[in-house]
Amino acid sequence: MDKFIINGGKKLYGEISISGAKNAAVAIIPAVVLCDEPCVIENLPRIRDVAVILAILEHMGAKIDRKSDSVVEIDPRGIKSYKVTCEGLVSDMRASYYLLGALLGRFHNALVPYPGGCSFCERPIDLHLKAFETLGANCEILFDKIKLESEKLTGATINFEIVSVGATMNAMLAAVRTPGVTLIEGAAKEPHIVDLANFLNSMGANIKGAGTDVIKIKGVDSLHGCTYSIIPDQIEAGTYMAAVAATGGDVLIKNVTPEHLKSIISKLRDTGTTVQEQDESVRVIREGELKACQLKTMPHPGFPTDMQPQFVALLSTATGKSRVMECVWENRFSYIPQLRKMKADIIDNGNVAYIHGRDRLQGAKVRALDLRAGAAMVIAGLAATGITEIEDIKYIERGYEKIIEKLTAVGADIRRVTVKEDVDESNLN
Ligand code: UD1
């Protein structure tokens, strides 16, 4: 069990290059199951969730050929069954639920172990199942598996009363080879929804409207191989942007799509941070005092819930009182006691956190409770005085490629140690 040790208080200067988007990659890789030929996926982040979903496909019979750190060729022709049997791997990640839509679309049946992964709160899948049922599948939740069966699927109108990223993606996967026209109303509009649609269209699918409330899919008989490059990770970019705002400094964040960062940039500007948008990069400069602000999370194009913990950490050191409202997930504030160990002054009641910013946080021994909560601990540790020790970094490594290298390159004092290594405890609280 490894840990991060951060000696905080260093300003960050230099450049950070952003990897491919995790949440696009974990949908695009299972989508290859729908294809009849090999596909080459470029700009894949080298993170644990991607390694796990590739291992699942390999276990199912696909051939995985790593061309380089960020390029993989996937040949799905060896996948002959709709039954996924590698329970251990599937229960290791949430996004394994995309296998449901992909297998249903390809084989009209699916048997997939119940998905696991980051559990910052209850994560239902009723909307996914509703979409499959609307297309004609019977859905059954067994003790630890989900079973989908259908004689024949037919295009239909799926109407989501709650905006769901996963259910929108799964509906697209199931519908892409389903005869007839499928309309997805109340669709999510996140950049990775558009990326999945673009990938499927590159394989010969007929999907229009991704990125709007209504997605129209005309089913096609087959999909062909393609080469596709995944979009940059909006949340990884936002996390480093928040880190620079928290520590102060001047960092060029490269390989981003500034359009995807609008809501994050707008909130950073509210804190007094300068953000200069360029073609494929953003420059983040924070020299003066950090100011409190109000924010609420919303589906895209609103402020992303996956940036909420990082901003709570950031605002813990802003002058004044901030209010952060979580409107996507119930109870996504379970990490706040960890920030309190670092002397953050935060009160939360259900879905709202009230933050009374203080000059400096104090290094402490904390835990990464999930991926983004872990990122918040890193930001708090970078900005704090003294040493912060972060346990359970496996969650952070699910979603951040080379985080130590990227932060060290801009001047952070952060390292990864094994539990056995002697840590100087004198500065820990
Ligand atoms: C995805 C992201 C996750 C992010 C979330 C919201 C991936 C792998 N994960 O998760 O990091 O926090 O989008 O941007 O892309 N809901 C239901 N029933 C369902 C599905 C969802 O009620 O069947 C509710 C959830 O409880 C939540 C809301 O819908 O309140 C949004 O969830 P959803 O967009 O589905 O999140 P995920 O796709 O699981």
Side-chain angles (χ1 to χ4, degrees), residues 20-31 45 47-50 52-53 56 90 92-102 114-134 139 141 146 148 158-174 184 186-196 213 230-231 233-236 238-239 260 263-264 296-311 325-335 350-351 369-376 395-396 398-400:
K22 169 181 100 64
N23 288 348
V26 295
I28 283 173
I29 294 168
I47 51 173
R48 203 163 133 258
D49 272 9
V50 164
V52 172
I53 193 77
I56 294 173
V90 175
D92 202 27
M93 72 177 303
R94 181 76 197 158
S96 51
Y97 55 40
Y98 291 129
L99 292 165
L100 288 167
Y114 211 82
C118 261
S119 57
F120 43 79
C121 50
E122 196 179 328
R123 299 180 74 171
I125 58 160
D126 56 300
L127 297 173
H128 304 233
L129 302 185
K130 174 187 157 175
F132 302 143
E133 278 167 354
T134 307
C139 307
I141 298 190
I146 301 164
L148 310 179
I158 300 165
N159 188 292
F160 290 125
E161 62 273 20
I162 297 172
V163 177
S164 161
V165 172
T168 302
M169 302 260 230
N170 248 333
M172 280 163 68
L173 293 170
I184 306 175
K189 296 179 278 202
E190 269 66 7
H192 34 292
I193 302 276
V194 179
D195 211 32
L196 176 64
D213 294 309
I230 288 178
I231 51 166
D233 197 305
Q234 170 204 29
I235 305 299
E236 188 199 11
T239 300
H260 297 166
S263 61
I264 299 169
K296 65 176 175 187
T297 66
M298 296 294 280
H300 192 78
F303 186 88
T305 174
D306 287 353
M307 282 301 301
Q308 178 260 99
Q310 300 91 313
F311 260 67
M325 204 183 290
E326 174 56 57
C327 301
V328 175
W329 295 105
E330 299 279 341
N331 306 318
R332 201 179 181 172
F333 287 128
S334 54
Y335 64 89
N351 286 352
L369 297 186
D370 62 61
L371 169 58
R372 306 306 172 186
Y395 292 112
I396 303 175
R398 305 184 84 98
Y400 290 92

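In listed order, ligands and their atoms are each counted from 1. Reckoned from all heavy atoms, side chains included, excluding hydrogens, waters and symmetry mates.
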Exercise. Which ligand 1 atoms, with their elements, are less than 4.0 angstrom from a heavy-atom of V328?
Worked result: 27 (C), 28 (C), 30 (O), 31 (C)
Exercise. Does A21 have any side-chain contact (heavy atoms from CB on, under 4.5 Å) partners at least two apart in sequence or in another chain, and if so, which?
Worked result: A24, I230, I231, D233
Exercise. Below 3.5 angstrom, do we get any N/O pair linking H192 and ligand 1?
Worked result: no
Exercise. Distance from R398 atom CZ to R48 atom CZ, nearest 0.5 Å?
Worked result: 5.0 Å
Seminar exercise, completed: Near T305 (heavy-atom distance under 4.0 Å), the atoms of ligand 1 are 6 (C), 12 (O), 14 (O)
Problem set entry | Test of proximity, A167 against ligand 1: N or O pairs below 3.5 Å | no
Exercise. Mind checking whether Q234 and H300 have side chains closer than 4.5 Å, heavy atoms only?
Worked result: yes
For this session: Answer side chain, backbone, both or neither: which part of I162 comes under 4.0 Å from ligand 1, heavy atoms only.
Result: side chain
Exercise. D49 near ligand 1, heavy-atom distance under 4.0 Å?
Worked result: no
For this session: Tell me, yes or no, whether the heavy-atom count around K130 atom NZ, taken from other residues, nucleotides or ligands under 6.0 Å, exceeds 12.
Result: yes
Problem set entry | Y97-ligand 1 polar pair, N/O distance under 3.5 Å | yes
Problem set entry | Donor-acceptor contact present, side-chain E190 to main-chain I193, <3.5 Å | no
For this session: Enter the distance from I146:CD1 to H128:NE2 here, rounded to the nearest 0.5 Å.
Result: 9.0 Å
Problem set entry | Sub-3.5 Å N/O-N/O distance, W329 and ligand 1 | yes
Seminar exercise, completed: In ligand 1, the atoms that come under 4.0 Å of a heavy atom of R332 are 12 (O)
For this session: Using only heavy-atom distances, determine whether the side chains of Q308 and T297 contain a donor-acceptor pair under 3.5 Å.
Result: no
Problem set entry | Those atoms of ligand 1 less than 4.0 Å from some heavy atom in G166 | 35 (O), 38 (O)
For this session: First locate atom CG of L127, then atom CD1 of I162, and finally report the distance between them rounded to the nearest 0.5 Å.
Result: 5.5 Å
Exercise. Heavy atom under 4.0 Å from ligand 1: found in L129's side chain, backbone, both, or neither?
Worked result: neither
Exercise. If you measure from each non-hydrogen atom of D306 to ligand 1, which part falls under 4.0 Å: side chain, backbone, both or neither?
Worked result: side chain
Exercise. If you measure from each non-hydrogen atom of F160 to ligand 1, which part falls under 4.0 Å: side chain, backbone, both or neither?
Worked result: neither
Exercise. Any N or O of A95 that comes nearer than 3.5 Å to an N or O of ligand 1?
Worked result: no
Exercise. Just which atoms of ligand 1 are under 4.0 Å from any heavy atom in H128?
Worked result: 23 (O)
For this session: Kindly determine whether Y114 and Y97 satisfy ring-ring contact (aromatic ring centres under 6.0 Å, His included), including the steps that lead there.
Result: CA-CA 8 Å; Y114 211 82; Y97 55 40; 9.7 Å; no
Problem set entry | SB check K22 D306 (cutoff 4.0 Å) | no
Problem set entry | Contact check, E326 vs ligand 1, heavy-atom distance below 4.0 Å | no
